[in-house]
Amino acid sequence: MRILAAALIGSVTATAAMAAPAPAFKSRTIELPADAAVFPDGPNVKVMTQNCLACHSADMVLDQPLLPRATWAAEVTKMRNVYKAPVSDADAALIVDYLAATHSPP
Amino acid sequence: MSAPSRRALLAQAGSMLALASTSSLAATGPDFAFPGGNGARPLAKDFPQKGSMVLQRSRPPLLETPFTDFDSGVFTPNEKFFVRWHWAPPSDVDTASFRLKVHGQVERELSLSLSELAQFQRVEIAAVNQCSGNSRGFFEPRVPGAQWGNGGMGNARWTGVRLSDVLDKAGVKSGAVAARFSGLDQPTVSEGPWFRKSLNIDRARQPEVIIATAMNGKPLPMLNGYPIRLVVPGWYSTYWIKALNDVELLDAPDDNYWMKTAYLIPDTPHADIKPGQAGVTMVPINRMVPRSFITNLGAGAKLKARSSAALRGLAMGGDCGVAKVEVSADGGQTWSDAKLGRDEGPYSFRQWMTKIRMPDAGTAMLAVRCTNTKGEVQPDKANWNPSGFMRNVVERLSVTVI
């Protein structure tokens, strides 16, 4: 068996320690669990489900603090412009309405 | 208004049952008591190769280490290590066909198999991996983003090969100014921005930057970057590209979205600005800063009046070692030194322990603060920036004294 040279880096001493040998790599496949959350009822909830869940689960939205409408509008714009979410202008407006109605400060 | 019909009630019950079945694996988890609320999270036990984790987001997965797990030692078990993906993680890794490509401003392009990568000298380093936005949920005013508690961090013994050795094999051309890294994950929408991060060439060549093939002596879990990931000790996790398969040497600074627009911090002390403050220079986030935590007690713990209470926890220096950890039982008016545990290297968590005198019955505000070997101490006042990055305020914990 080949003894692998080892070096401890970031140590102030010159002590060399054995680095663990390279692991045997095996091909792997994983399956992720189903989404744990759904969008609660609210205006345009169907539009939320149809658009937003293509890329991320509902808890990404539901776990956010209550945000003002303008902040939600900016988030929806980021999803469209930066992450290229294929959301129409009409649906984007409906999504902001849902978020402002269900997840904004009173 | 008439009473709901039997049919409507049955439909409602049916939808509740459906809900219950989709979330049956999610148990009640912590409530982080974020300012303004909405800090309760379930626990998830059904992610591959992971134990019970705080579920921040199912898809793409965002899993937080339950804070009580940090009390078991300085190294975070692989199955408890936090998980954060921007795009869907790879679901398959074929280790026979996997290649790490090194290209761009190099003398020789490389396409390394995993067994070829194993031929480089193996090195090992203990290092904390912490999300840039760890503890974001505590920002006030709140900011959008992953609403982490304090468990978006972990410490492991990483084994692998030096990035600089791989770069030397490729022969970096003199015109290279940065190395850009990307992994197997791809945008869900084809035009979306691939997750790519860069280090300037001097940082990339530092000997502690490694390509890790193992974590705590075992293969990396798929959700932590199997088969290999970049490890950038002392810097935030955003640079630690998972399932690393591409290194590109650039002849100009990287202007991709993830470097130029995302993950920017104000170029101010503690990355701290006022909400709405204008005229701030923004720079890519980089080095970590000192933090410390009490791990053996939770909020509301009951301790005996005028007793000597045992405290224990973890500290990190950021991009250097821990010089000192102090604790307070009076909210930070008076401090005493804690004893430091075994030194696992400057980039590791360091355990600390001490005993502290409890006051008369009532409420006591415990506090802990770390000073790193550069002399930086955790600030008393929390920082604020619009992305919720780099929180390292002195942690306080209210306990009941009886």
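Labels below follow one simple rule: chain letters A, B, ... track the order of the sequence lines, proteins then strands, and each chain is numbered from 1.
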Chain B interface, residue from A:Ala74, A:Ser57, A:Ala85, A:Pro86 that has the most non-hydrogen pairs under 4.5 Å: A:Ser57
4.5 Å side-chain heavy-atom contact, A:Cys55 and B:Val189: yes
Chain B contact via A:Glu75 - side chain, backbone, both or neither, heavy atoms under 4.5 Å: side chain
Which portion of B:Phe47 sits near chain A, non-hydrogen atoms under 4.5 angstrom: both
Pick from B:Gly160, B:Gly36, B:Pro227 with the largest number of heavy-atom pairs that fall under 4.5 Å of chain A: B:Pro227
Heavy-atom proximity to chain B below 4.5 Å, by part of A:Ala54: backbone
Heavy-atom pairs under 4.5 Å with chain A, option from B:Leu62, B:Val143, B:Leu114, B:Asp94 with the top count: B:Leu114
Close side-chain approach of A:Pro65 and B:Phe34, heavy atoms under 4.5 Å: no
Minimal non-hydrogen separation, A:Gln64 against B:Asn38, with atom names: O-ND2, 2.6 Å
Residue part contacting chain A, namely of B:Pro233, when any heavy atom lies under 4.5 Å: neither
Candidate pair B:Arg57 and A:Asp59, rule salt bridge (charged side-chain N to carboxylate O under 4.0 Å, His left out), full reasoning: CA-CA 5 Å; B:Arg57 183 177 70 195; A:Asp59 43 14; 5.9 Å; no
Contact summary for B:Pro90 and A:Ile30, nearest pair of heavy atoms: O-CD1, 3.9 Å
Residue B:Glu344 versus chain A: region with a heavy atom under 4.5 Å: neither
Engaged part of B:Trp258 at the chain A interface, taking heavy atoms whose separation is under 4.5 Å: side chain
Spacing of OH belonging to A:Tyr83 relative to CD belonging to B:Glu191, to within rounding of 0.5 Å: 15.5 Å
Donor-acceptor under 3.5 Å (B:Ser58 side chain, A:Asp35 main chain): no
Geometric class of the A:Phe25/B:Tyr226 ring pair [parallel <30°, tilted 30-60°, perpendicular >60°]: tilted
Contact origin within B:Arg41 toward chain A - heavy atom pairs under 4.5 Å: side chain
Interatomic spacing from CE in A:Met60 to CD in B:Gln147 - rounded to 0.5 Å: 10.5 Å
Contact origin within B:Pro89 toward chain A - heavy atom pairs under 4.5 Å: side chain
Atom group of A:Leu62 that falls short of 4.5 Å from chain B, counting heavy atoms: backbone
Chain B contact residues among residues 89-106 of chain A, heavy-atom distance under 4.5 Å: A:His103
Donor-acceptor pair, side chain of A:Asp63 and main chain of B:Ala146, under 3.5 angstrom: no
B:Asp92 bridged to A:Arg28 by N-O distance under 4.0 Å: no
Rounded distance [0.5 Å steps], NZ in A:Lys84 versus OG1 in B:Thr188: 14.5 Å
Which atoms of A:Leu67 approach chain B - backbone, side chain, both or neither, heavy atom under 4.5 Å: side chain
For chain A, the option from B:Gly145, B:Ser97, B:Gly321, B:Ala88 that forms the most heavy-atom pairs under 4.5 Å: B:Gly145
